[in-house]
Amino acid sequence: MDILDIFLSASFWAATIRIACPLIFATLGELICERAGVLNLGIEGIMTAGAMAGWMWVYQGGDLIGGIVFAAFIGALFGLLHAQFTVILGVSQHVTGIGITMLASSLSYFVFNMLLPNTTTPPKVVPFQTIDAGPLANLPFVGEVFFQHTFFTYLAFALVPMVIYILYKTPLGLALRTAGENPSSLESQGISVFVIRTIAVMFGSSLMAVGGAYLTISAFDAFYFGMINGRGWICIALVIFASWQPGKALLGALLFAGLDAMQVRMQLQLGTFIPYQVFLMLPYLLSIAAMVIVARKAKYPKALLQPFRRGERN
Amino acid sequence: MVILEIDKISKSFGSVVANKDISLTLNQGEILALLGENGAGKTTLMNILFGQYSADSGQIKAWGKVLPAQSTDAALKAGIGMVHQHFTLAENMTVLENVMLGTQSLLSWRTDTQAARAKIANICQSMNLSIDVDLYVADLSIGERQGVEILKALYRDAKILILDEPTAVLTPQEVEGLFEMLRSMQKSGLSVIIISHKLDEILAISQNIVVLRQGQQVAQVATATVDRGELAELIVGKKVPEPINHQLAPGEPVLHLEKVNLFKSSSEKYQLTNINLLLRERQIIGIAGVSGNGQRELAAVISGVLKINSGKFEILQQDARKLSIKQLTKLQVARIPEDRHSAGIVGDMSVWENLMLEDLGANPCWRSGFLINTSAAKARAEQLIEKFDIRCANMNMPAKLLSGGNIQKLILARNFQLSPKLVLANQPVRGLDEGAISFVHQQLLDAKAGGSGVLLISEDLDELLRLSDFVQVMHDGKLSKAYPREVLTPKLLGILMSGGQLDSADHAADLATRSQYHAV
């Protein structure tokens, strides 16, 4: 009965949408990288870097949109680094990715401490505010769920059809998907696999960073240590859950976010009987269960993890 | 009208000369064949033409204009299209997507699928092709995929089509379909360069032939002026011995299948129904059939990978239904797998390591306790390389760098070193050149003479009729009775392979078959 109450409350659904946003950005980013054949385990670090960069831009007096753009730019730089190693040099994507994660997150904390020494409580910025939706916002239930969000939130949801369009309706998207399916096919059409994969990894990484920035300049208003807190790894799993399809990635992000929003509320209601760690585990456990069911027949991009070298048989 | 001139092209890879001063010309509406053994430099030359390699010296002119070196893009724009031996299709994408890839600027905002569909429909109509462009490539047969590759080239308005060993992976029927398509392309003014080492096909389709040997051009002749023997001699540089199958008195049964059934399981789509097969020592039985009719499953059953559902299955007169793969190997069953690259070798491991793989589970000479006695292993590898004429720079090179013929020799060496009792040869010469074919066939015949029973699964009717003592035909998971080679012709085999029955005129075959079974 308590759980039913949770489902009936508008705040639960609104929270689900908010929690889903960083996951949507980062999952789409990872999906684009993997569709081009490159696993990007730098995601966790790149999100941290984006969270720091976006926040710092705003803290230093830049505007909020500028914060998003700057985070994207920083993400693209780390993407370029990842692509240098995995695409151009063709070294292990796993090792490089983990290296990028460690580099990007450490660098973020380091830069944060350099720019703001002697701070004990994290300083705050004025984050994105709720867009005034006029009378729509006052609708019962629907108003709170859908029409009391920030620009950044709507951007996340608008991104899904945009990525679908790019992947499936443009020649660039076709080339990108081919890079992840059979790179030699691309090469034989006179298109450079290196260029396509590098572009994909840079673009994907910039989305991850934007996902990180969502946390610091929309969901919250400050940058903390460890604030990404494994969201990057969840996105890796969500890509598989989504069978590498952007539409399903949105579903997966919402599902996970819903579970996360629910566990917080269940802690409040049942926390006295059950240790709260059990609820913290819940979204992860249920995600694993969902993955086992959904992703068993997933169609991998055929050339995922395979470095491409010109003139070599695969 | 001459549309393409290749002028004194040379190319070396390190110390290996792949092409030396090769010149040829191509006319409009001509089908030119490029012949040579594996490693003769055919593919290298075509990759230079298509802009994938740059030549060390020499130049290429298309329609009088010099082609820039190493630019696939320029070659495509000049109207040269290439179908690689290993298809360059993305399987998880549709035919339409594969064809359209790279035909539009990457910066345009929309793929123009409607225009593409119209153009493809047009090409298909004029070339007599029928392809559903919305199917995924993964769902197409090999022959259909080749059609897609050709369609890709035509979609880019190719005027010169390079086909690298197009028939290597095709069934006889598909080859016929391909050739019909090539002829109609020729009529509409296209020129084709076809690389192959199948002499009969080249004689049937081409007007002119250029022969390469070890990177050098040894002949340019009009097809009408040469015969098969002369061509083979030109390619190899010496007379190619044709292995002869001598009738020998068969001995004890080595493989016996009786009323064997293998049911479909939910995940797989194979089925074997009522298979009867008796193979004796000093006998070769050929299994004919269009691939995909159960040959793969039959081979999997005999090599212990699949377990039969019912029936009798004996190897060397022992019940083999419950034997593990390891036990089967101990019974000295030699297996030559259908896909030698993926199932036959470990590509990244060295030649000498690959030569050890067959007796991993046994107690071979190269083992000392838990360790590998490297020097013993290498010494034996050296013997095998010598005996089976495996041509490699050294035994430490990765096996995947060997040519197809040499990979097959490696597999033969590994399998035949212990004089096996039963040899399971699945498509042993598919994709090999004349010299290697002759070698492999001689090895199979030697094995027979040495007392082995050989089961030869093949689609090559020539091969079957040349080597087998009896031929059984596989169709739709069923195996025909055994026909003695003498009563069979390619035409009769063709009827059986397509599921037809031989009429009473083939009574003689029937009688002979019965006498074989009565001898059990």
Side-chain angles (χ1 to χ4, degrees), chain A residues 31 34-37 90 161-200 202-203 242-245 296-304 306-314, chain B residues 13 43-44 47-48 50-54 70-78 80-94 96-113 116 136-138 145 148-149 152-153 155-156 162 164 267 341 347 400-401:
Chain A
L31 187 143
E34 292 191 19
R35 263 304 173 88
M162 274 161 63
V163 168
I164 291 176
Y165 184 86
I166 292 174
L167 276 183
Y168 296 99
K169 300 284 176 190
T170 66
L172 183 66
L174 180 59
L176 195 150
R177 284 183 291 133
T178 311
E181 288 290 339
N182 187 351
S184 49
S185 165
L186 205 56
E187 195 72 18
S188 73
Q189 300 306 326
I191 303 172
S192 165
V193 177
F194 301 123
V195 170
I196 295 291
R197 283 189 167 176
T198 302
I199 290 175
M202 288 176 72
F203 181 54
S243 312
W244 290 268
Q245 290 169 26
R296 268 175 57 202
K297 286 183 180 163
K299 259 191 193 169
Y300 274 63
K302 274 256 163 69
L304 183 61
Q306 286 174 11
F308 178 76
R309 296 189 181 90
R310 276 198 84 168
E312 199 176 83
R313 264 190 223 161
N314 42 1
Chain B
F13 295 102
T43 301
T44 305
N47 278 336
I48 292 171
F50 192 54
Q52 288 182 317
Y53 296 158
S54 70
Q70 204 171 11
S71 167
T72 308
D73 212 31
L76 285 168
K77 288 211 173 84
I80 300 173
M82 180 156 178
V83 176
H84 291 82
Q85 184 183 4
H86 304 272
F87 295 157
T88 56
L89 296 172
E91 294 184 9
N92 288 341
M93 307 214 287
T94 64
L96 184 68
E97 289 176 326
N98 269 287
V99 172
M100 288 189 71
L101 176 70
T103 55
Q104 268 183 291
S105 159
L106 290 179
L107 298 176
S108 58
W109 275 107
R110 213 169 62 83
T111 37
D112 195 352
T113 46
Y136 282 87
V137 170
R145 288 182 203 199
V148 176
E149 283 279 14
K152 249 167 83 177
Y155 185 81
R156 283 147 193 287
I162 307 167
D164 190 359
S267 58
H341 290 273
K400 68 173 174 188
L401 297 181

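Numbered from 1 within each chain, the chains take letters A, B, ... in sequence-line order.
A/Ser188 OG to B/Lys152 NZ: the interatomic distance, rounded to the nearest 0.5 Å, is 4.5 Å. Taking CD1 from A/Ile191 and CG from B/Leu101, the interatomic distance works out to 5.0 Å, rounded to the nearest 0.5 Å. One finds the CD atom of A/Glu187 at 6.5 Å from the OG1 atom of B/Thr72 (value rounded to the nearest 0.5 Å). The distance from atom CG of B/Asn92 to atom CG of A/Asn182, rounded to the nearest 0.5 Å, is 10.5 Å. Once rounded to the nearest 0.5 Å, the distance linking CD of A/Glu181 with CE of B/Met93 reads 6.0 Å.
Interface residue B/Phe50: only side-chain heavy atoms are found under 4.5 Å from chain A. Neither the backbone nor the side chain of B/Lys77 comes within contact range of chain A; no heavy atom of the residue lies under 4.5 Å from a heavy atom of that chain. Neither the backbone nor the side chain of B/Met82 comes within contact range of chain A; no heavy atoms are under 4.5 Å apart. Within the 4.5 angstrom heavy-atom criterion, only backbone atoms of B/Leu89 (N, CA, C, O) approach chain A. Neither the backbone nor the side chain of B/Thr113 has a heavy atom closer than 4.5 Å to any heavy atom of chain A. Of the two parts of A/Ile166, neither the backbone nor the side chain holds a non-hydrogen atom closer than 4.5 Å to a non-hydrogen atom of chain B.
Options B/Leu106, B/Asp73, B/Asp112 differ in how many heavy-atom pairs under 4.5 Å they form with chain A, and the most are formed by B/Leu106.
In this structure, A/Ser185 contributes its side chain and B/Thr88 its backbone to a donor-acceptor pair below 3.5 Å.
Heavy atoms of other residues, nucleotides or ligands lying less than 6.0 angstrom from OH of A/Tyr300 number 12 at most. In this structure, A/Phe194 places its CZ atom where more than 12 heavy-atom neighbours from other residues, nucleotides or ligands lie under 6.0 Å away.
By the 4.5 Å heavy-atom criterion applied to side chains, A/Lys169 and B/Trp109 are not counted as neighbours.
For B/Thr111 against A/Thr170, the heavy-atom pair with the smallest separation is CG2-C, 3.4 Å.
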